[in-house]
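Labels below follow one simple rule: chain letters A, B, ... track the order of the sequence lines, proteins then strands, and each chain is numbered from 1.
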Amino acid sequence: EAGVVQSPRYKIIEKKQPVAFWCNPISGHNTLYWYLQNLGQGPELLIRYENEEAVDDSQLPKDRFSAERLKGVDSTLKIQPAELGDSAVYLCASSSQNTEAFFGQGTRLTVV
Amino acid sequence: GIQVEQSPPDLILQEGANSTLRCNFSDSVNNLQWFHQNPWGQLINLFYIPSGTKQNGRLSATTVATERYSLLYISSSQTTDSGVYFCAVPILSGAGSYQLTFGKGTKLSVIP
């Protein structure tokens, strides 16, 4: 069974440019998470979806970050415009009914 | 809110040694996960353990939910065990949904 798939694996962009990340969760998992991980820290939740609905986006910086999960399957996370401080690893995870969560390999973003 | 604390923050082991990693949490939880983040950044699921003890090869974990801690045991450590070990527990956020919240991790280095 395929795990959580994220793309791209790496992205380097100039500040003020837009960037988007894509996540395909494990088949049948209704819960999808986006996490941000800074160097030397644990992952921090940005947004959580139950099917198509964002049930917790309290930590998503809505002035520049947006996310969507059309049809309750794949999800995209967008940053526009990117800032230097957005350099980090962006992780996607999925679970079934809030049980065990599984993570993708992450997207390492570098903003220069 | 719930705090998740891990100890020790850093650990250096000689290959073949045993170790115990600890995760304390400040409130009652209904599940807990242990992850290993390898040097390439991938979060690998080790245990999904709300309570009791589980074993998987050289690794085992015990969660005592009533006393709010979990332990991860690594026996006969190998260099491939190096990386960061995270525990994560779900907390009820202000939005009324559960957030899988991570500790800051234990960085393990196993030297030959």
B/Gln6 versus chain A, the contacting section by heavy-atom distance below 4.5 Å: neither
Shared hydrophobic cluster for B/Val110 and B/Leu46 (ILVMFWY, side-chain gaps under 4.5 Å): yes
Among the listed options B/Val84, B/Leu43, B/Asn31, the residue most often paired with chain A at heavy-atom distances under 4.5 Å: B/Leu43
Best-contacting candidate, A/Gly104, A/Ala93, A/Gly106, against chain B by heavy atom pairs under 4.5 angstrom: A/Gly104
Donor-acceptor contact present, side-chain A/Glu100 to main-chain B/Ile49, <3.5 Å: no
Aromatic contact, B/Phe35 with A/Tyr35 (centres under 6.0 Å): no
Heavy-atom donor-acceptor pair, B/Gln99 side chain to A/Leu45 backbone, under 3.5 Å: no
Hphob cluster co-occupancy, A/Tyr90 + A/Tyr49, side-chain heavy atoms under 4.5 angstrom: yes
Contact summary for B/Phe86 and A/Gln37, nearest pair of heavy atoms: CZ-NE2, 3.6 Å
Same apolar cluster: B/Leu21 and B/Leu108, side chain cutoff 4.5 Å: yes
Largest heavy-atom contact set with chain B, pairs under 4.5 Å, which of A/Gly40, A/Gly42, A/Pro43: A/Pro43
NZ (A/Lys71) with more than 12 external heavy atoms under 6.0 Å: no
A/Tyr33 with A/Leu109, same ILVMFWY side-chain cluster at under 4.5 Å: no
Joint hydrophobic cluster, A/Val89 plus A/Ile13, side-chain heavy atoms closer than 4.5 Å: no
Minimum-distance pair of heavy atoms, taken over all atoms of B/Asn45 and A/Ala101: ND2-O, 2.8 Å
Residue among A/Glu50, A/Arg48, A/Gln59, A/Glu44 with most heavy-atom pairs under 4.5 Å to chain B: A/Arg48
Chain B contact via A/Thr99 - side chain, backbone, both or neither, heavy atoms under 4.5 Å: both
Over 12 non-hydrogen atoms of neighbours within 6.0 angstrom of NZ in A/Lys15: no
Within 6.0 angstrom of B/Arg22 CZ, more than 12 heavy atoms from elsewhere: yes
